[in-house]
Amino acid sequence: MTTTFEPTESLAGRVAVITGGTGGIGLATARRLAKLGARCVLLYNSAAPDVAAAHAASLPGTGHLAFQAQVTDSAALKAVAEQVGAQCGAVHILVNSAGYTKAVPAADLEALSDELIDDILKVNFRGVIATIRAFMPLLKQSQDGLIVNISSIAGFTGTGSNLAYVAAKASIDVVGDALAKAFAPHVRVISVSPGVVDSSFVPGRGADFNDKAAATIPLRRIGTVDDVAAAVQACATTLRYVTGTRLVVDGGRHL
């Protein structure tokens, strides 16, 4: 099979696996991909199984699935990958949107405990690599795979919820470039890097923080989960001759 990487307007016949699939960005991404015909598999951790199943059933189209699996549990990821392979065959798109963080000022090194550093890196770096490892055989099987890692402008600005989160996202960006080269041409790898997004991802950040951040952003508003989802959609449809890079979706906040 020779892939030409031409743009497409349809994802019919394609299977998309989304970690953090019941979260804001994950679910918004699933809705966009499903609307274009993709069969979506939502991976979740803390949501109730019936809620996750309801989310999957609410997506456009049919055949969507939901599986519980922590990204820090490699055995569970492998088991889910086997189930996805048995029920869906090859995987064409993997979106790594599961994550965890906690706001700690960069100057407060005492608050950035060893335990917090380990937890942040375990979820946001090791978890992404473990998920890619589990699903890579199915992505390669498709001969036209795409991995989108939901990163952050923290990875190249050095400004984020905490220093460990900055390190995790920078690592994912660089390792993503390495994977893009290692698995080309059969699997593409792209980082989508949001700035401030209107979601509950960072505990303790609310309307006051969002309003202050919006005033500093050139496009004068913070991002939405659908802004990020639209970027993932573009990676899968319009931006198909793209790999080994980052797509910044921040309204110009990094400037």
Side-chain angles (χ1 to χ4, degrees), residues 5 7-8 11 14 16-36 38 40 42-43 71 91-101 123-125 127-129 131-132 135 139 145-157 159-161 165-181 183-184 187-199 201-202 213 217 219 221-255:
F5 303 107
T8 180
L11 296 177
R14 295 179 178 256
V17 174
I18 304 166
T19 70
T22 60
I25 291 174
L27 191 55
T29 297
R31 290 194 184 105
R32 278 188 168 268
L33 300 185
K35 189 175 181 179
L36 294 182
C40 292
L42 308 182
L43 302 192
V71 296
V91 169
H92 303 82
I93 302 167
L94 172 63
V95 181
N96 286 302
S97 66
Y100 160 71
T101 195
V123 174
N124 296 287
F125 178 71
V128 173
I129 301 304
T131 305
I132 292 172
F135 285 94
L139 288 160
L146 167 66
I147 297 170
V148 179
N149 296 320
I150 304 302
S151 184
S152 169
I153 63 170
F156 65 89
T157 65
T159 301
S161 52
Y165 186 76
V166 166
K169 294 305 185 179
S171 298
I172 283 301
D173 288 348
V174 174
V175 171
D177 291 350
L179 293 174
K181 186 174 182 179
F183 290 100
V187 180
R188 298 184 296 125
V189 185
I190 302 170
S191 288
V192 166
S193 301
V196 179
V197 176
D198 187 11
S199 73
F201 179 63
V202 183
I217 295 173
L219 297 191
R221 69 166 175 85
I222 64 170
T224 67
V225 293
D226 195 55
D227 290 328
V228 184
V232 178
Q233 175 184 312
C235 293
T237 57
T238 306
L239 304 179
R240 282 180 38 78
Y241 192 61
V242 174
T243 193
T245 191
R246 73 167 71 95
L247 177 59
V248 177
V249 187
D250 72 343
R253 179 171 170 80
H254 70 283
L255 299 174

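What's counted below: heavy atoms across the whole structure, side chains too, no hydrogens, waters or symmetry copies.
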Using side-chain heavy atoms (C-beta onward) and a distance below 4.5 Å, is [X] in contact with [Y]?
X      : Y      : value
Gln233 : Leu36  : yes
Val228 : Thr29  : no
Ile150 : Pro194 : yes
Leu11  : Thr237 : yes
Phe125 : Val175 : yes
Ile132 : Asn96  : yes
Leu139 : Leu146 : no
Val248 : Arg253 : no

For [X] and [Y], which heavy atoms make the closest approach, and how far apart are they?
X      : Y      : answer
Val95  : Val232 : CG2-CG1, 3.8 Å
Tyr165 : Tyr100 : CD1-O, 4.0 Å
Asn124 : Gly99  : OD1-CA, 3.3 Å
Gly160 : Ala154 : CA-CB, 3.9 Å
Ala231 : Val192 : CB-CG1, 4.0 Å
Ile153 : Ser193 : CG2-O, 3.7 Å

Under the 3.5 angstrom rule, does the side chain of [X] hit a backbone N or O of [Y] as a donor-acceptor pair?
X      : Y      : result
Ser97  : Ile25  : no
Arg188 : Cys235 : yes
Arg246 : Ile190 : no
Thr224 : Asp227 : yes

Return the [atom1] to [atom2] distance between [X] and [Y], rounded to the nearest 0.5 Å.
X      : Y      : atom1 : atom2 : result
Leu179 : Ile147 : CG    : CD1   : 6.5 Å
Ile18  : Arg31  : CD1   : CZ    : 10.5 Å
Ser161 : Lys169 : OG    : NZ    : 9.0 Å
Thr131 : Leu43  : OG1   : CG    : 7.5 Å

Quiz item: Hey, are Arg221 and Asp198 close enough for a salt bridge, meaning a charged N less than 4.0 Å from a carboxylate O?
Solution: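 So Arg221 does not pair with Asp198 through a salt bridge.
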Quiz item: Only one of Leu42, Ile93, Leu94 clears side chain to side chain contact (heavy atoms under 4.5 Å, CB included) with Val17; which?
Solution: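 The passing option is Leu94.
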Self-check item: Verdict with reasoning, Ile217 to Ile222, per side-chain contact (heavy atoms from CB on, under 4.5 Å)
Solution: CA-CA 7 Å; Ile217 295 173; Ile222 64 170; 4.1 Å; yes
Exercise. Quick one: sort the Phe5 and Tyr241 rings into parallel, tilted or perpendicular, breaks at 30° and 60°.
Key: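 Tilted: the ring planes of Phe5 and Tyr241 meet at 30° to 60°.
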Practice problem: Would you tell me whether Ser151 and Asp173 have side-chain atoms, one donor and one acceptor, within less than 3.5 Å of each other? | Solution: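 There is such a pair (donor and acceptor under 3.5 Å, judged by atom type) between the side chains of Ser151 and Asp173.
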